[in-house]
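Bear in mind the structure is a predicted one, so any value in this text is a computation, not a measurement. Quick note on labels: first sequence line is chain A, next is B, and so on, each numbered from 1.
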2 protein chains.
Amino acid sequence: MRGDCCDMRGMLSFLVLFLLSKKPMNGSEIAREIERRKGAKPSPGTIYPALKGLREMGFVKEKKSGKTVTYSLTSKGKDALRLAKQRFCATFTDVLGNGK
Amino acid sequence: MRGDCCDMRGMLSFLVLFLLSKKPMNGSEIAREIERRKGAKPSPGTIYPALKGLREMGFVKEKKSGKTVTYSLTSKGKDALRLAKQRFCATFTDVLGNGK
DNA sequence: TTTAATATATCGTACATCCGATATGTTGGG
DNA sequence: CCCAACATATCGGATGTACGATATATTAAA
């Protein structure tokens, strides 16, 4: 999401933003959901820096409760996701489209 | 494509591999096709290192004619693309799926 | 309480992506 | 022939993604 305009960098942040738009989650839950989709679980050293970046850009907000921190989108984050989704679809439509 | 197993790195190489599977192209044509999809054209400093990497991994072969080099997939590249496409779809299906 | 498990977080290192600048070779127009 | 346009290619520097190792805090189990 750093790459707000044109690059391939930021796909993890994009995916995290998308997942949080469906349901607020904490870091471990996000990692497990990515594991479910890709078959490999991102390590803490991957997922927490990504969340930190999204927070610093004002795209996600946090709610701490005990040992867990639940992340959810800000309205700014929702706007960013909408734009990013449009770019993503324009770039990859037929990759998903043609089946195998 | 480096990230043959689990990471978000390699999305450009993945896209290039996909584009070449539809039609053999030279570097400039690939850059223009990416521009058409994303609205931003990758510079030479982006696209040629990516092609070099794909060549070094044995995923694309070259055919030089005058000033242009036409790239196309090897059978190894086709296999790699097939796998990468499966991972990509599993990860991003509903991102493209839900319309907006 | 001690122990184990979980969630969070940072560090160092490596690599992919990205740009702008720069350079070389080919081609076509003047 | 000379020059502009194009295709190719590399370099340096910045940022994102990734892992393993490490550290701390909270919670649950023994």
Closest non-hydrogen atoms of B:Pro49 and B:Pro44, given as atom of the first, atom of the second and distance, are CD-O, 3.5 Å
Is A:Thr74 reaching over with its side chain to a backbone N or O of A:Lys61, donor-acceptor style, under 3.5 angstrom?
no
Give a yes or no on whether the backbone of B:Pro42 and the side-chain of B:Thr46 come within a donor-acceptor separation of less than 3.5 Å.
no
N/O donor-acceptor pair under 3.5 Å between B:Glu56 side chain and B:Gly53 backbone:
no
Closest nucleotide among C:dA9, D:dT17, D:dT26 to the A:Ser13 side chain:
D:dT17
Ignoring backbone atoms, establish whether B:Thr46 has a side-chain N or O less than 4.0 Å from OP1 or OP2 of C:dC19.
yes
note: B:Leu17, atom CG; C:dT17, atom P; distance rounded to Å ~ 11 Å
Within residues 68-79 of chain A, the residues having a heavy atom closer than 4.0 Å to DNA chain D are none
A:Lys67 atom NZ is separated from C:dA5 atom P, nearest whole Å, by 12 Å
Can you figure out which of C:dC15, C:dA21, C:dT8 approaches the side chain of A:Ser28 most closely?
C:dT8
Looking only at side-chain atoms of A:Pro42, point me to the closest of C:dA7, D:dC19, D:dT8.
D:dC19
Charged N to carboxylate O under 4.0 angstrom, B:Arg36 versus B:Glu33?
yes
Do the charged groups of B:Arg87 and B:Asp7 touch, with an N to O distance under 4.0 Å?
no
How long is the line joining CG of A:Asp7 and C1' of C:dC19, in whole Å?
10 Å
How close or far is atom C1' of D:dT8 from atom CG of B:Leu51, stated in whole angstroms?
10 Å
Are B:Phe14 and B:Phe88 an aromatic pair, judged by ring center distance below 6.0 Å?
yes
Rounded to whole angstrom units, what separation is found between the CE atom of A:Met11 and the C1' atom of C:dT17?
13 Å
Name the residue closer to the 5' end of DNA chain D, choosing between A:Ala50 and B:Asn26 according to the nucleotide with the nearest heavy atom.
B:Asn26
Using OP1 and OP2 only, check whether a side-chain N or O of B:Arg32 sits under 4.0 Å from D:dA7.
yes
Rounded to whole angstroms, how far apart are NZ on B:Lys64 and P on C:dT24?
15 Å
From CZ of B:Phe14 across to P of C:dC15 the rounded distance in Å is 23 Å
Classify the nucleic acid contact of B:Gly45 as base, sugar-phosphate or nothing, counting any heavy atom under 4.0 Å across all strands shown.
base
For the side chain of A:Arg9 and the base of D:dT17, is some donor closer than 3.5 Å to an acceptor across the two?
no
d(CG, A:Leu54; P, C:dA9) in whole Å
13 Å
Can you tell me which nucleotide in C:dT10, C:dA14, D:dA9 comes closest to the side chain of A:Tyr48?
C:dT10
